[in-house]
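Counting from 1, the numbers follow the sequence of the chain as shown.
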Amino acid sequence: MTESLNFAPMSGHDLDWVAGQEAALHRFPWSRKIFADSLVAGYACWLMRDADAPVGYAVVLGVLDEAHLLNISVMHTAQRRGLGSRLLEYLISTVRNSGVRRFFLEVRPSNLPAIALYQRAGFVEIARRKGYYPSQNGREDAIVMRLEL
C-alpha cells in the first residue's frame with residue numbers, strides 16, 4: 001500500500017474526471033449533474049489522491065447522527081491495491097469524528113468485492129430493497145448495510 005495517499009474535498013474542478021471515471025467503472029453510472037448537485041447540496045464529496053493523482057472518490061450524505069454512503073469508487077487501474085479499504089476507512093473516521101453513530105449504504109448483491117469490503121469494515125446486512133437498482137435484465141435488489149459507530 002502506498003503512503004502517498006491524501007484526501008480532499010471534491011470541487012467543481014474535479015467533476016469532469018469524476019464523471020469520466022464513473023462512466024468507465026459502472027454499467028449504470030451517476031451523471032456529472034448528480035455529482036454537481038451533490039456538491040451544491042452540501043454532501044460530503046471526497047477525492048482520494050495517490051501522489052497527487054486522483055484515484056478514487058466518494059459521496060456521503062450526513063443527517064444528524066447518521067450518514068449514508070451514496071457512492072464510493074476507485075479507478076480501474078488503481079484497484080486491487082487496498083485503496084478502496086483506505087478510502088472507506090477515511091470515510092468512517094470522518095463521519096465518526098463528526099458525531100455520526102450509524103453509517104448506512106446499499107450495495108448490489110452481485111457486487112461481491114464491494115460486499116466483502118464493507119463486511120471487512122464491519123458493516124452488516126440489515127435489510128433488502130426489492131428492485132432498487134437498474135440492471136441488464138430489469139431490476140436488481142439492494143442489500144442495505146449498517147455500521148454502528
Side-chain angles (χ1 to χ4, degrees), residues 1-63 66-126 129 132-136 140-149:
M1 260 185 267
T2 181
E3 294 305 316
S4 58
L5 289 180
N6 63 73
F7 304 89
M10 188 186 299
S11 75
H13 299 290
D14 302 313
L15 291 176
D16 288 339
W17 181 84
V18 170
Q21 291 305 310
E22 181 78 0
L25 288 165
H26 303 288
R27 182 165 285 164
F28 300 95
W30 280 20
S31 68
R32 185 184 192 282
K33 181 176 180 351
I34 292 172
F35 286 104
D37 289 348
S38 296
L39 285 172
V40 170
Y43 295 178
C45 303
W46 294 99
L47 206 62
M48 178 175 61
R49 297 179 186 277
D50 184 6
D52 293 327
V55 293
Y57 54 91
V59 178
V60 176
L61 167 63
V63 179
E66 295 183 353
H68 196 111
L69 180 60
L70 302 177
N71 192 315
I72 183 171
S73 298
V74 173
M75 60 189 284
H76 279 302
T77 58
Q79 291 179 1
R80 318 266 326 130
R81 294 178 21 211
L83 297 179
S85 292
R86 295 284 297 272
L87 180 53
L88 186 57
E89 288 168 8
Y90 177 81
L91 298 172
I92 291 168
S93 174
T94 299
V95 299
R96 180 183 286 124
N97 290 340
S98 70
V100 165
R101 297 293 158 240
R102 285 173 299 284
F103 201 5
F104 296 92
L105 61 84
E106 288 95 12
V107 61
R108 293 174 184 269
S110 63
N111 192 346
L112 299 178
I115 292 168
L117 169 71
Y118 301 141
Q119 288 174 333
R120 282 192 307 272
F123 283 85
V124 295
E125 181 176 342
I126 60 167
R129 297 185 199 274
Y132 186 78
Y133 291 111
S135 72
Q136 290 281 137
E140 183 176 5
D141 292 350
I143 298 172
V144 181
M145 302 183 85
R146 178 182 65 217
L147 175 65
E148 294 288 341
L149 302 172

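Ring geometry, Trp30 versus Phe35: the interplanar angle falls from 30° to 60°, so the pair is classed tilted.
Side chain of Ser38 to backbone of Ile34: a donor-acceptor contact under 3.5 angstrom is found.
Taking every heavy atom of both residues into account, Met145 and Tyr118 meet most closely at SD-CB, 3.9 Å. Closest approach of Val107 to Ala114, counting heavy atoms only: CG2-CB, 3.8 Å. When all heavy atoms are compared, the tightest approach of Leu15 to Ala36 is CD1-CB, 3.7 Å. Here the shortest heavy-atom pairing between Ile92 and Ala121 reads CD1-CB, 4.0 Å.
Taking Arg49 as the reference, Asp14 meet the salt bridge (charged side-chain N to carboxylate O under 4.0 Å, His left out) condition, with sequence neighbours excluded. Legend: residues meeting salt bridge (charged side-chain N to carboxylate O under 4.0 Å, His left out) with Glu140, ordered by chain and number and at least two apart, are Arg108. Residues satisfying the salt bridge (charged side-chain N to carboxylate O under 4.0 Å, His left out) test with Glu125, not counting sequence neighbours, are Arg128.
Between Val144 and Arg146, every side-chain heavy-atom pair lies at or beyond the 4.5 Å cut-off. Contact of the Ser11 side chain with the Leu39 side chain is not registered, since no non-hydrogen atoms from C-beta on lie closer than 4.5 Å. By the 4.5 Å heavy-atom criterion applied to side chains, Met75 and Trp17 are counted as neighbours. Side-chain contact between Leu88 and Phe123 is present, with heavy atoms from C-beta onward closer than 4.5 Å.
Judged purely by distance below 3.5 Å, without hydrogens or angles, the side chains of Tyr57 and Glu22 pair a donor atom with an acceptor atom.
One finds the CG atom of Leu25 at 6.0 Å from the CD atom of Gln79 (value rounded to the nearest 0.5 Å).
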